[in-house]
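I have placed the structure first, in the form of structure tokens, so that the comments after it can refer back to it.
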Amino acid sequence: MRLLCAALILALPTGASAETIYVSNERGGTVSVIDGKTRVVRDTWPVGKRPRGIALSPDGKRLFLCASDDNAVQVLDVATGKILAELPSGDDPEQFAVSLDGKMLFVANERQDIVTAIDIDKRLVVFQVPTGVEPEGMAVSPDGKFVVSTSETDNDVHWIDIAARAEVAKTSVAQRPRHAQYTADGKYLWVTSEIGGILQIIDTSTQQIASAVTFTIPGISNDKLMPVGVRFTPDGKSAVVALGRANHIAIVDTASQKVVRYVAVGKRVWHVGISLDGSFAYTANGLSDTVSVVEIATGEVVGTIPTGSAPWGVAVGP
């Protein structure tokens with residue numbers, strides 16, 4: 001028995017974290033539940049049609065998921081995988097942001113060109129705000145006062161005052177903005193533009209573009225460099241950017257705003273998650289049906305995990 005236990009311990013991936021990785025599989029209609037320590041899928045949960053945006057509640061007990069073709073945001077119990085509720089999200093929810101207190105969701109309704117605010121416990125729409133055409137990326141400011149939405153067709157970032165329930169500013173960005181992510185101090189908003197091939201950094205005090213990160217990979221044409229998902233490490237020192245059909249991620253030093261390295265992963269990498277300790281990136285490779293595990297410090301791919309069909313989003317929790 002002692003020899004068996006020792007063998008099992010040695011078989012575990014080095015540096016693996018005791019955490020759970022949740023992956024939405026867009027064409028599979030499932031969520032893959034991955035053990036972060038063994039890097040094995042331990043469960044597959046059936047969910048609604050075309051699951052995309054995915055995130056955990058602040059307490060880590062519930063998983064929120066956009067079932068886009070069911071026009072609902074589903075709430076799942078992470079202990080059982082059971083669907084607890086379907087929130088009235090409006091048409092074609094793609095991504096959302098969770099309020100800091102975990103009581104509200106702000107949902108991008110791509111076909112309606114609005115953002116819908118939902119009271120999670122009451123399962124009621126609180127308000128809706130018109131945006132540009134095809135809203136997608138969503139983020140709540142660290143002070144909880146604003147929610148932003150990116151409109152893919154209008155190429156704008158919309159700044160919504162939550163208390164006023166109204167748009168208060170708009171920032172023009174490069175073509176087809178996909179994702180928005182605040183820095184932890186709230187001073188900057190990082191926005192990726194898929195067709196523009198650029199990541200722009202907006203000063204939140206002025207809502208103006210302050211700087212940008214560009215991408216160049218030898219041997220890969222510029223039209224393949226399509227930045228989509230972006231996530232920061234917990235210490236804020238690095239950002240990991242999914243580069244879509246370039247089949248790479250970029251690891252960016254946030255202080256210098258320079259790419260440190262590019263890492264080849266699976267095909268059409270769409271979104272990424274970061275391990276709780278900040279050591280690893282988990283990439284959703286939409287055309288490979290896999291998640292790549294990348295050690296951020298070295299850029300080494302240390303694992304490849306099969307998922308369901310067309311993995312889209314990644315959430316990481318305890």
Side chains of [X] and [Y]: closer than 4.5 Å at any heavy-atom pair?
X: Arg39; Y: Ile305; answer: yes
X: Arg165; Y: Val126; answer: yes
X: Leu65; Y: Val73; answer: no
X: Pro58; Y: Asp101; answer: no
X: Val147; Y: Ser141; answer: no
X: Val157; Y: Ile202; answer: yes
X: Ile249; Y: Val272; answer: yes
X: Trp45; Y: Thr30; answer: no

Open item on the list: Does anything in residues 147-182 form a ring pair (Phe, Tyr, Trp, His ring centres under 6.0 Å)? List the pairs, not counting sequence neighbours.
Closed with: His179-His271
Task: Any pair counted as ring pair (Phe, Tyr, Trp, His ring centres under 6.0 Å), so long as it reaches residues 53-107, sequence neighbours left out - done: none
Using salt bridge (Lys or Arg N to Asp or Glu O under 4.0 Å) as the criterion, list what pairs up with [X], not counting sequence neighbours.
X: Glu26; value: Arg50
X: Asp92; value: Arg52, Arg111
X: Arg261; value: none

Task: Verdict with supporting geometry, Val78 and Tyr22, side chain to side chain contact (heavy atoms under 4.5 Å, CB included) - done: CA-CA 10 Å; Val78 299; Tyr22 304 90; 3.6 Å; yes
Output the distance between atom [atom1] ([X]) and atom [atom2] ([Y]), rounded to the nearest 0.5 Å.
X: Asn155; Y: Gln175; atom1: CG; atom2: CD; answer: 5.5 Å
X: Leu105; Y: Ser57; atom1: CG; atom2: OG; answer: 10.0 Å
X: Thr131; Y: Asp154; atom1: OG1; atom2: CG; answer: 8.0 Å
X: Ile118; Y: Gln128; atom1: CD1; atom2: CD; answer: 9.0 Å
X: Asn247; Y: Thr283; atom1: CG; atom2: OG1; answer: 10.0 Å
X: Asn25; Y: Ser32; atom1: CG; atom2: OG; answer: 4.0 Å

Over all heavy atoms of both residues, which pair between [X] and [Y] is shortest? Give the atoms and the distance, please.
X: Ile54; Y: Gly313; value: CG2-C, 3.5 Å
X: Ser172; Y: Ile209; value: O-CD1, 3.4 Å
X: Pro93; Y: Cys66; value: O-CB, 3.6 Å
X: Val23; Y: Pro311; value: CG1-CB, 3.6 Å
X: Ala250; Y: Val259; value: CB-CG1, 4.2 Å

- [ ] Could you name each residue pair satisfying salt bridge (Lys or Arg N to Asp or Glu O under 4.0 Å) that touches residues 55-69, not counting sequence neighbours?
- [x] Arg62-Asp121
Task: Sequence neighbours excluded - salt bridge (Lys or Arg N to Asp or Glu O under 4.0 Å) pairs with any residue from residues 173-195 - done: Glu94-Arg178, Glu136-Arg178, Glu152-Arg176, Glu152-Arg178, Arg176-Glu194, Arg178-Glu194
Donor-acceptor pair, distance only, cut-off 3.5 Å: does the side chain of [X] make one with the backbone of [Y]?
X: Asp277; Y: Ser279; value: yes
X: Ser89; Y: Asn71; value: yes
X: Ser288; Y: Thr290; value: no
X: Thr183; Y: Tyr188; value: yes
X: Ser193; Y: Ile195; value: no
X: Ser151; Y: Pro135; value: no
X: Asn285; Y: Lys267; value: no
X: Gln74; Y: Gly48; value: yes
X: Gln207; Y: Thr204; value: yes
X: Asp161; Y: Ala164; value: yes

Is there a path of hydrophobic side-chain contacts, each under 4.5 Å between heavy atoms of I, L, V, M, F, W or Y residues, that connects [X] with [Y]?
X: Val33; Y: Leu56; result: yes
X: Val107; Y: Met104; result: no
X: Val260; Y: Ile217; result: no
X: Val314; Y: Leu276; result: yes
X: Val263; Y: Phe280; result: no

Open item on the list: Between Thr150 and Val191, is the side chain to side chain contact (heavy atoms under 4.5 Å, CB included) condition met? List the steps.
Closed with: CA-CA 8 Å; Thr150 65; Val191 177; 4.1 Å; yes
For residues 235-244, tabulate all N or O donor-acceptor pairs below 3.5 Å that involve a side-chain atom, not counting sequence neighbours.
residue, atom, partner, partner atom, Å
Asp235, OD1, Thr233, OG1, 2.7
Asp235, OD1, Lys237, N, 2.9

- [ ] Would you list the pairs meeting side chain to side chain donor-acceptor pair (under 3.5 Å) in which at least one residue belongs to residues 304-316, sequence neighbours left out?
- [x] none
Donor-acceptor list for residues 218-230 side chains, cut-off 3.5 Å, not counting sequence neighbours:
residue, atom, partner, partner atom, Å
Ser221, OG, Asp223, OD1, 2.3

Task: Residues that Phe232 engages under ring-ring contact (aromatic ring centres under 6.0 Å, His included), provided they are two or more places apart - done: Trp190
Open item on the list: For the residue pair Asn109 / Thr116, report whether a side-chain donor-acceptor contact shorter than 3.5 Å exists.
Closed with: yes
TODO: Please check if any side-chain donor atom of Thr171 sits under 3.5 Å from a side-chain acceptor atom of Asp156, or the reverse.
DONE: no
Open item on the list: Test side chain to side chain contact (heavy atoms under 4.5 Å, CB included) on Ser275 and Glu19; report intermediate values, then the result.
Closed with: CA-CA 8 Å; Ser275 65; Glu19 61 195 11; 3.0 Å; yes
Open item on the list: Do the side chains of Asp35 and Arg42 get close enough for a salt bridge, i.e. N-O under 4.0 angstrom?
Closed with: yes
TODO: Determine, stepwise, if the pair Lys145 / Ile162 fulfils side chain to side chain contact (heavy atoms under 4.5 Å, CB included).
DONE: CA-CA 6 Å; Lys145 294 181 179 180; Ile162 295 173; over 6 Å; no
Exercise answer: donor-acceptor pairs, residues 293-301 side-chain atoms, under 3.5 Å, sequence neighbours excluded:
residue, atom, partner, partner atom, Å
Glu295, OE1, Thr298, OG1, 2.9
Thr298, OG1, Glu300, N, 3.2

